[in-house]
Every structure is written in C-alpha cells, then in structure tokens.
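Model, not experiment: these values are computed from the prediction. For ligands, and for the atoms within them, numbers begin at 1 and follow the listed sequence.
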Amino acid sequence: MEFLLAADAALPVKGAYGFLGGRGSLMLDVVFLAMFLVVPVLLFSVYQVKYLRRYQLHKQLQIVLGTVLLIAVTAFELDMRFFTDWKALATPSPYFDATKPWSCPVGYSLIVHLSFAIPTLLLWIVVIVQALRHFPSPPQPGKHSAWHRRWGMIATAGMVMTGVTGWIFYWMAFIAT
Ligand code: HEM
C-alpha cells in the first residue's frame with residue numbers, strides 16, 4: 001500500500017476515488033455518468049432524423065457525440081493504462097475474484113462490455129466518416145441513405161448496449177459490496 005486517498009481507509013488502493021461514492025476512479029465516474037447523457041441524446045438525434053427529417057440537427061448532434069466519445073475513450077484509456085488499477089478497485093466486490101480476474105462475474109461482465117464497446121467505437125468512426133464523405137452539406141437523403149440507415153441503426157444499438165453493459169460492469173465492480 002503506497003498511499004491512501006480513499007474515503008474508506010480499509011481499501012488498499014493507490015489512486016484517487018471519484019465523486020459517486022463508490023470505488024470508481026474519477027475517470028470511471030465521469031464516463032459512467034457521461035453515458036447517461038450520451039444515450040438519450042443519441043436516441044433524440046435518431047428520432048429527429050427519422051420522424052422529423054431534421055438532417056442538419058442530426059449531423060451536428062452526431063458529430064458532437066462522436067467527439068465527446070473520442071475524448072472520453074482516450075482519457076479513459078490513459079487513466080486505465082497509467083493511473084488506475086481497476087482490479088484493485090474491484091477487489092472488495094463479492095463478484096470479483098482477484099486470483100482469476102477474467103474468470104469471475106466481474107471479468108465476464110467486462111468481456112461482454114468490451115465486445116460491444118470496441119466494435120461500436122470502430123463502427124462509429126466508419127459511419128461518421130462515410131456520412132461526411134457521401135452526404136451533401138447540408139445533409140440530404142441520397143444514394144448513401146440505405147447503407148447509412150442500416151449501419152447507423154447498428155451503430156446506435158451498439159452504443160446503447162455499450163452503455164447498458166458498462167453500467168452493469170461498473171455496478172458489479174465498483175459499487176457492490
Ligand atoms: C455515428 C454517427 C451516426 C449515427 C449512429 C447515425 C444514425 C442514423 C440513423 C439510425 C438514421 C436512420 C433513421 C431512419 O431510420 O430513418 C440516420 C439517418 C440519417 N443520417 Fe445519420 N447517423 C450518424 C451520423 C451522421 C452524420 C455525420 C450525418 C451527416 C453528415 C448523417 C446524416 C444522416 C442523414 C442525411 C440521414 C437520413 C437518411 C435518409 O433517411 O435517407 N448521419 N442516421
């Protein structure tokens with residue numbers, strides 16, 4: 001134990017805790033909360049384009065969401081690589097087994113989460129780049145519409161599942177006692 005910044009001094013964890021009252025780091029808490037904003041804004045954006053044909057609003061919202069997500073993912077990765085040992089934070093959880101971190105309920109839930117999060121991130125980059133290349137500006141339906149509607153729906157579902165599985169992992173690893 002090198003130093004303690006935890007509210008609960010019984011937890012031998014190096015690094016600062018976040019603000020949600022669990023064992024999440026600052027960045028984990030930021031991303032956990034950000035997804036409660038991202039998912040509704042995403043559904044709002046798809047509703048706007050699908051039922052109200054507000055193409056420009058949809059474009060702007062998707063670019064903002066894409067940028068927010070890219071910044072969040074980068075900050076999160078840096079945090080996980082260099083600052084936060086999520087396994088140490090998860091150790092008090094009854095769903096975590098530090099001797100087999102990837103073969104316990106927390107580990108399984110992280111694998112499920114990552115199998116949505118990683119393909120979804122790549123798909124978002126492709127959907128945004130293709131939309132910017134193939135739709136006119138300001139955006140209007142056209143030859144690219146069929147491809148975009150299909151993969152846009154898959155990208156939307158992927159992001160919702162990334163959020164839901166991320167919240168489940170967060171709860172199991174950093175809240176449950
Ligand atoms: C990852 C980012 C994006 C996602 C997930 C996404 C998702 C969607 C979805 C699900 C629809 C279909 C709605 C329906 O069923 O009618 C749609 C339609 C549309 N999107 Fe996106 N979109 C994204 C980015 C963009 C961008 C950057 C642009 C503009 C450059 C754009 C322009 C459009 C247009 C013009 C339509 C209407 C297509 C049509 O109805 O013919 N989208 N989008």
* Asked: Once the angle between the rings of His148 and Phe135 is folded into 0 to 90°, is it parallel (under 30°), tilted (30 to 60°) or perpendicular (over 60°)?
  -> perpendicular

* To do: Determine yes or no for a side-chain-to-main-chain donor-acceptor pair under 3.5 angstrom, with Arg23 supplying the side chain and Ala90 the backbone.
  => no

* **Heavy-atom nearest neighbour in the protein, as seen from atom 3 (C) of ligand 1, with distance rounded to 0.1 Å** => Gln62 NE2, 3.2 Å

* Among all protein non-hydrogen atoms, which one is nearest to atom 37 (C) of ligand 1, and what is the separation to 0.1 Å? -> Tyr55 CE2, 3.5 Å

* What class does the angle between the rings of Tyr170 and Phe174 fall in, given that below 30° is parallel, 30 to 60° is tilted and above 60° is perpendicular? -> perpendicular

* To do: Could you list which atoms of ligand 1 come closer than 4.0 Å to a heavy atom of Ile128?
  => 1 (C), 2 (C)

* Asked: What part of His58, side chain from CB on, backbone N/CA/C/O, both or neither, has a heavy atom under 4.0 Å from ligand 1?
  -> side chain

* Transitive ILVMFWY side-chain link Phe76 to Phe169, under 4.5 Å -> yes

* Ligand-residue contact atoms, ligand 1 with Lys59, heavy atoms, under 4.0 Å -> 29 (C), 30 (C)

* Structure fact -> Taking only non-hydrogen atoms of Ser145 and a 4.0 Å limit, the atoms of ligand 1 in range are 38 (C), 39 (C), 41 (O)

* Asked: Quick one: nearest non-hydrogen protein atom to atom 15 (O) of ligand 1, plus distance?
  -> Lys50 NZ, 3.3 Å

* To do: Could you check atom 11 (C) of ligand 1 against the protein and tell me its nearest heavy-atom contact, residue, atom and distance included?
  => Val49 CG1, 4.0 Å

* Structure fact -> of all protein heavy atoms, closest to atom 25 (C) of ligand 1 is His148 CE1, 3.5 Å

* Asked: How far is atom 39 (C) of ligand 1 from its nearest protein heavy atom, and which residue and atom is that?
  -> Arg149 NH1, 3.2 Å

* Asked: Would a distance-only check, ignoring hydrogens and angles, find a side-chain to backbone donor-acceptor pair under 3.5 Å from Thr74 to Leu70?
  -> yes

* Where does the angle between the aromatic ring planes of Phe36 and Phe32 fall among parallel (under 30°), tilted (30 to 60°) and perpendicular (over 60°)? -> perpendicular

* Asked: Near Thr156, which atoms of ligand 1 are under 4.0 Å from a heavy atom of that residue?
  -> 5 (C)

* Around atom 27 (C) of ligand 1, find the nearest protein heavy atom and jot down its residue, atom name and distance. => Ala131 CB, 3.8 Å

* To do: Could you grab the distance from atom NZ of Lys59 to atom CZ of Arg54, nearest 0.5 Å is fine?
  => 15.5 Å

* Structure fact -> Here the gap from Phe96 atom CZ to Leu110 atom CG, rounded to the nearest 0.5 Å, amounts to 9.5 Å

